[in-house]
Amino acid sequence: MLSILKIDTTSKAQVKRFIKIPYQLYKKDSIWVPQLWVDMQEQLNRQKFPFYEHSDADFFIAVKNGQDVGRLAVIENRLYNQYHHTQEANFYFFECIDEQRVANALFEQAFEWALQRGLTTIVGPRGMSPVDGYGMLIDSFDQPQMMAMMIHNPPYYVNLVETLGFTKKVDYLSCYAKPHQLHFPERIHRIAERVQQRGTLRVQRFNSKRELKTWVGRIGQAYNQSFVNNWEYYPLTEREIAYVEKVLLTLADPALIKIIVDGERVVGFACAFPDIFKAIQRSKGHLFPFGLLDMLLEVRRTKWVDLNIIGILPEYQGRGGNALMYSEIEKTVRQRNFENAALYQVAESAVSMRRDLANIEGIAYKNHRVYTRKI
């Protein structure tokens, strides 16, 4: 017998059931990195998570013969739909056993949910937070996941969604390079040097979280203005910006955060993070009793550095801001004893950044696909 349960997000027991489902599916998968429990609990909390101030979501569990065998979130981002003049639903948190009937039952609930709200298309995987990972993994299933925000899934997920009629909307490429091999063209560094000599733009560096905290609000505002040409963009609310700022402060090694400033205005940023995925795996996503301490120690032990929050205001992209930002990226990944540098989740629609990845001869190692389907 197969049934679909819409969970009550005020029930701690049902929220726990939803969060636990992938632990069973991936118990033999050494690549999978669980999301932090505290982050998952926050995203399902309608009173605390800022997304629910303007939009809505529901969460479903597939139950077969008394066992939880799949899950799915279906989302209506009203600010996105208003900004882009569309009627989209999104799906996220998809997990499922290798059984088409179970996947069909979950998505039939999502389709019905969306149609009841006048939505005509469903797109995903795409979450409720601007720092969520995008897309379903479609290749390189044996490569490191790199942080909990990058989606990992088994190969059969692709067949499950494509059998349901989903087709490609956009792909996100991730790549890596050995830090000693990471060389932007020399002209990039020459342009960056001239820009700084002119004094119009400068690089702000940080030695402590206290210093970073004084700038984090301006970084958040720049984040909100930097991606206006991206397909996934919508204007974040003040509380959503504050959420991004909280994530930045929580994960940051201040020495690896660089911002580009015009006067006192932040116009670009390159944020690198020591990757702590091994510590998250060891703690199974729990901060306590020892998970948080292990993660803090892993910041010092890890040999991976991740570049995953990079942006520059559109009006500065032809004024040397790009060159200055990329010059700083190269310096950033070299300044500590990292063995691998990863730059991930670059959309194929971000043509200039894709060109830059080719220039530095980044090695493609994962591709995530965002799917779409008319309902």
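Note that this is a predicted model, so its numbers are computed, not measured. Residue numbers start at 1 and run along the sequence shown.
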With a 4.5 Å limit on heavy-atom distance, are the side chains of [X] and [Y] in contact?
| X | Y | value |
| --- | --- | --- |
| Gln145 | Gln281 | no |
| Asn77 | Phe51 | yes |
| Val299 | Met295 | no |
| Phe111 | Phe91 | no |
| Asn65 | Met1 | yes |
| Asp275 | Phe338 | no |
| Glu232 | Val170 | no |

How long is the straight-line distance from [atom2] of [Y] back to [atom1] of [X], given to the nearest 0.5 Å?
| X | Y | atom1 | atom2 | answer |
| --- | --- | --- | --- | --- |
| Phe18 | Leu44 | CZ | CG | 6.0 Å |
| Lys64 | Ile97 | NZ | CD1 | 5.0 Å |
| His152 | Leu137 | NE2 | CG | 7.0 Å |

When you check the gap from the basic side-chain N to the acidic O, do [X] and [Y] get nearer than 4.0 Å?
| X | Y | value |
| --- | --- | --- |
| Arg46 | Asp56 | yes |
| Lys6 | Glu112 | no |
| Arg202 | Glu264 | yes |
| Arg71 | Asp68 | no |

Exercise. Any cation-pi pair here, Arg126 with Tyr80, using under 6.0 Å and within 45°?
Worked result: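 Yes; both conditions hold, so Arg126 lies above the ring face of Tyr80.
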For this session: Of all the heavy-atom pairs spanning Arg282 and Asp294, show the shortest one and how long it is.
Result: NE-OD2, 2.8 Å
